[in-house]
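Beneath this line is the structure, given in structure tokens, with notes to follow.
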Amino acid sequence: MTDSHKPADLNLALIGNAAGAALLTSEASVTFMCAPRMDSDPVFCGLLSPRAGPGEGEWRIRLVGQTSAGQRYLRNTPIVETLLHDAEGNCLRILDFMPRYKNDGRTFRGRTLVRIVEPLSGMPRMQMQLRPRYDYGAKPGEAVAGSNHIRYALGGQVLRLSTDAPLDYILSETPFLVGRAMAFLFGPDEAPNDDVLSVARHFLRRTEAYWHDWVRSLALPPDYQQVIIRAAITLKLCSYEDTGAILAAITTSIPEYDSSGRTWDYRFCWLRDSYFTVQALNSLNATRTMENYLLYVSNLAAGSPDGVLQPLFGLGGEREPEEELMPELTGYRGSGPVRRGNAAYTQVQNDGYGSVIMAVTQAFFDERLPNLGGVELFRRMEAIGHEARRRWNEPDAGLWEFRTRSAIHTHSALMCWAGCDRLAKIANHLGLLSEAAFWAAEAAAIRAEILAQAWNTERGSFVSEFGGEDLDASLLLMAQLGFLAPDDPRFTATLAAVERDLRFGDHLYRYRRPDDFGAPETAFSACTFWLIDALHRVGRIEEARDIFEGILRQRTSLGLLSEGVHVETGALWGNFPQTYSMVGLINSAMALSRRWEDIL
């Protein structure tokens with residue numbers, strides 16, 4: 001039997017349906033899943049090492065005498081197939097997914113984890129360990145068996161396992177022979193409307209068809225298609241469609257590096273991250289996420305009549321996700337602390353204003369949309385723009401969320417400029433000429449000050465803070481955002497300086513100056529993608545392609561990326577999967593691909 005207690009790694013599979021999500025190990029153990037929402041208590045928390053011991057907070061399926069496991073996504077879907085083999089040549093197939101499909105003009109996205117288990121060869125002998133917990137790993141679920149189900153009392157909620165497998169064997173964790181297909185539905189305490197296997201197979205057929213149709217609608221380049229498809233599906237799974245929020249990552253507290261103390265809860269909607277996600281999906285013709293996000297930020301704006309926006313919000317628009325330590329979870333690979341909530345919501349991060357405006361700008365111009373943005377939406381965005389023009393040169397924590405220092409960060413000012421610049425373009429498009437002139441003038445004034453205050457003459461480059469000397473990777477976004485032309489000598493000089501200070505091989509650190517926890521030990525994957533973009537824009541295309549190919553080799557076996565990479569070992573660290581990183585895969589692949597007209 002394979003070692004079931006080996007240290008955790010991030011070679012994980014993501015399943016979900018934009019209402020719920022779960023992470024599976026390469027041997028099909030459900031190791032992380034929150035319920036009822038993706039930012040709720042993790043009922044499966046094995047990834048974060050409960051003090052209760054190995055196997056707790058997980059849903060394991062293993063073969064007696066198991067020798068190997070293989071895993072893949074079914075083509076163009078988030079449905080995971082795992083094949084387990086034993087020493088006698090038996091093979092068990094497990095299909096894991098969450099249902100999502102069109103039904104009577106609406107999208108059904110049941111908060112149910114579906115597992116279909118069937119023998120592919122021989123008669124494998126399977127053992128199931130289903131051990132959900134609650135209160136962040138502190139307490140085990142209380143199991144009560146019914147006729148064809150087991151109810152698990154988990155604090156304030158009850159989850160139900162409906163199955164046609166022997167309940168006694170599941171409750172006692174006794175190995176049993178699998179001579180036929182079996183199904184397991186784990187979710188809300190509701191009885192299925194048909195026999196369990198029929199329901200599971202119905203969900204499977206319709207879910208697979210849904211994702212095939214969704215992928216078919218994407219506008220893809222000829223190269224790197226599988227890379228883009230997997231990244232796009234992953235971004236879709238990181239959205240919470242009920243409100244339109246977009247998660248920064250599915251997990252909490254996966255450390256940026258071993259024993260670094262840098263463990264944060266990323267199961268919230270950052271205005272900054274959401275802009276990048278929306279922009280990437282829009283480039284693929286997947287505009288529905290933008291439409292949903294527009295409703296989300298409109299509600300945030302309506303709840304902020306003074307126009308002030310904090311950096312992050314809960315999936316339901318919650319404004320105070322207080323940060324707490326969860327002592328009954330020792331952390332990923334024992335490297336805690338584990339946190340619930342994120343104190344960054346109290347920070348001033350002025351780039352968020354521009355991020356919101358840029359995320360919804362396409363809604364004013366894209367004629368494919370059923371409801372184009374109009375004057376009413378523009379007025380709501382103007383309120384946010386006024387905050388940008390008031391705050392662009394005020395100290396803040398910056399996009400890297402420094403907890404013990406503040407400054408006037410170049411990136412924050414740059415995003416405020418971008419917000420004003422886009423408002424001018426939107427106003428002009430709507431025929432609001434006086435407003436267009438006003439916002440163009442505001443953008444011009446901010447731009448002039450950035451050019452003067454963020455340029456360091458001695459270094460011969462832009463720097464990360466007004467009047468400072470250090471650099472950070474966000475300076476590479478100046479060309480992408482349209483602030484400078486790629487061939488502007490000031491941009492090429494800044495690119496060269498960033499490479500000197502922050503580039504290590506084919507990786508880019510976000511910054512190197514020690515922060516609240518010392519100097520960063522991992523390269524931030526999003527920053528490496530920014531480097532690829534910058535190199536591509538200045539004509540160093542083959543070099544950009546080489547770096548991109550290197551990143552592709554660092555993905556998990558299923559094509560996913562976490563927040564960062566340890567440069568020396570190549571190990572993935574940080575919350576998973578990280579939307580920033582998956583966005584980078586899409587943007588770089590789109591930029592580096594050939595055009596269809598070049599090959600047809």
Side-chain angles (χ1 to χ4, degrees), residues 1-9 11-13 15 22-33 42-47 49-50 52-71 80-97 112-133 137 140-152 154 159-187 196-197 200:
M1 183 177 297
T2 56
D3 182 4
S4 60
H5 303 320
K6 64 184 179 182
D9 62 38
N11 188 26
L12 303 171
I15 61 173
L23 295 172
L24 284 70
T25 70
S26 59
E27 296 185 339
S29 291
V30 182
T31 190
F32 193 81
M33 186 181 89
V43 295
F44 294 119
C45 55
L47 185 65
S49 308
E56 293 297 324
E58 290 200 336
W59 185 356
R60 294 181 172 181
I61 296 175
R62 295 179 294 148
L63 296 186
V64 175
Q66 184 171 310
T67 56
S68 65
Q71 194 172 68
V80 174
E81 177 191 73
T82 308
L83 302 183
L84 303 181
H85 301 269
D86 66 21
E88 298 179 358
N90 300 307
C91 178
L92 187 75
R93 182 194 198 208
I94 306 170
L95 292 174
D96 287 298
F97 65 98
T112 301
L113 196 164
V114 182
R115 316 196 78 176
I116 300 175
V117 174
E118 58 184 336
L120 285 191
S121 63
M123 190 173 287
R125 192 161 176 246
M126 178 185 94
Q127 180 185 28
M128 178 173 287
Q129 296 174 330
L130 177 52
R131 302 177 183 177
R133 301 186 72 82
E142 181 181 346
V144 178
S147 57
N148 295 288
H149 68 273
I150 304 171
R151 299 171 76 247
Y152 292 87
L154 297 157
L159 296 180
R160 176 188 184 115
L161 176 72
S162 298
T163 182
D164 54 355
L167 299 186
D168 280 352
Y169 293 154
I170 296 171
L171 288 168
S172 64
E173 300 182 352
T174 300
F176 61 96
L177 294 171
V178 182
R180 58 176 175 83
M182 299 176 179
F184 304 85
L185 309 180
F186 186 78
V196 176
L197 185 58

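Every residue meeting the ring pair (Phe, Tyr, Trp, His ring centres under 6.0 Å) condition with Phe44, not counting sequence neighbours, appears here in chain and number order: Phe186. With sequence neighbours excluded, the residues that form a side chain to side chain contact (heavy atoms under 4.5 Å, CB included) with Arg160 are His149, Ser162, Asp189, Ala191. With sequence neighbours left out, Gln71 forms a side-chain hydrogen bond (donor to acceptor under 3.5 Å, both in side chains) with Thr82. Judged as a side-chain hydrogen bond (donor to acceptor under 3.5 Å, both in side chains), and not counting sequence neighbours, the contacts of Thr174 are Ser172. Legend: residues meeting side chain to side chain contact (heavy atoms under 4.5 Å, CB included) with Ala87, ordered by chain and number and at least two apart, are Thr67. Taking the side-chain hydrogen bond (donor to acceptor under 3.5 Å, both in side chains) definition, one finds that Thr31 meets it with Glu58, sequence neighbours left out. Take Asn11 and apply the side chain to side chain contact (heavy atoms under 4.5 Å, CB included) test, not counting sequence neighbours, and it matches Asp9, Ser26, Thr556, Ser557. Not a single salt bridge (charged side-chain N to carboxylate O under 4.0 Å, His left out) links Glu88 to another residue, sequence neighbours left out. Shown here are the side chain to side chain contact (heavy atoms under 4.5 Å, CB included) partners of Pro119, two or more places apart in sequence or in another chain: Pro124, Val178.
Sparse packing is recorded around OH of Tyr169, with 12 or fewer heavy atoms of other residues, nucleotides or ligands lying under 6.0 Å away.
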### Evaluation steps, side-chain contact (heavy atoms from CB on, under 4.5 Å), between Val30 and Thr25
CA-CA 7 Å; Val30 182; Thr25 70; over 6 Å; no
### Task
Start with the C-alpha gap between Leu185 and Val196, add the side-chain angles, then the distance that decides, and say whether side-chain contact (heavy atoms from CB on, under 4.5 Å) holds.
CA-CA 7 Å; Leu185 309 180; Val196 176; 3.9 Å; yes
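Proximity of a side-chain donor or acceptor of Glu27 to a complementary backbone N or O of Ala69 within less than 3.5 Å is not detected. Side-chain atoms of Asp86 come within 3.5 Å of backbone atoms of Gly89 as a donor-acceptor pair (strictly under, hydrogens ignored).
Pairs of residues two or more places apart, or lying in two chains, that qualify as salt bridge (Lys or Arg N to Asp or Glu O under 4.0 Å) and include a residue from residues 116-128 are Arg93-Glu118. Residue pairs meeting the salt bridge (Lys or Arg N to Asp or Glu O under 4.0 Å) criterion with at least one member in residues 176-187, sequence neighbours excluded: Asp164-Arg180.
Annotation for Trp59 and Leu113: closest pair CZ3-CD2, 4.1 Å, computed over non-hydrogen atoms. Between Met123 and Asn90 the shortest heavy-atom distance is N-OD1, 3.1 Å. A pairwise comparison of heavy atoms in Arg131 and Gly55 identifies CD-O, 3.5 Å as the closest pair. For the residue pair Asp96 and Ala28, the shortest heavy atom distance occurs at OD2-CB, 4.3 Å. Nearest heavy-atom pair, Gly137 versus Arg133, reported as atom, atom and distance to 0.1 Å: O-NE, 2.8 Å. The shortest non-hydrogen separation linking Gly141 to Leu154 is CA-CD2, 3.5 Å.
Using a cutoff of 4.0 Å between basic side-chain nitrogens and carboxylate oxygens, Glu142 and Arg151 are not scored as salt-bridged.
One finds the CD1 atom of Ile94 at 11.5 Å from the CD1 atom of Ile116 (value rounded to the nearest 0.5 Å). Note that CD1 of Ile61 is 5.5 Å distant from CE of Met126, once rounded to the nearest 0.5 Å. Interatomic distance, Leu159 CG to Leu161 CG, rounded to the nearest 0.5 Å: 10.0 Å. Here CG of Leu84 is found 5.0 Å from CG of Leu63. Values are rounded to the nearest 0.5 Å. Atoms CG and NE2, on Leu120 and His85 in that order, are 8.0 Å from each other to the nearest 0.5 Å. Rounded to the nearest 0.5 angstrom, Gln66 CD and Gln127 CD are separated by 10.5 Å.
Side-chain contact between Met128 and Glu173 is absent, with no heavy atoms from C-beta onward closer than 4.5 Å. No side-chain heavy atom of Phe97 sits under 4.5 Å from any side-chain heavy atom of Glu81. Two residues are said to be in side-chain contact when any heavy atoms from C-beta on lie closer than 4.5 Å; Leu130 and Phe184 fail this criterion.
Residue Arg115 is tested with Thr163, Leu95, Leu24 for a side-chain contact (heavy atoms from CB on, under 4.5 Å); the sole match is Leu24.
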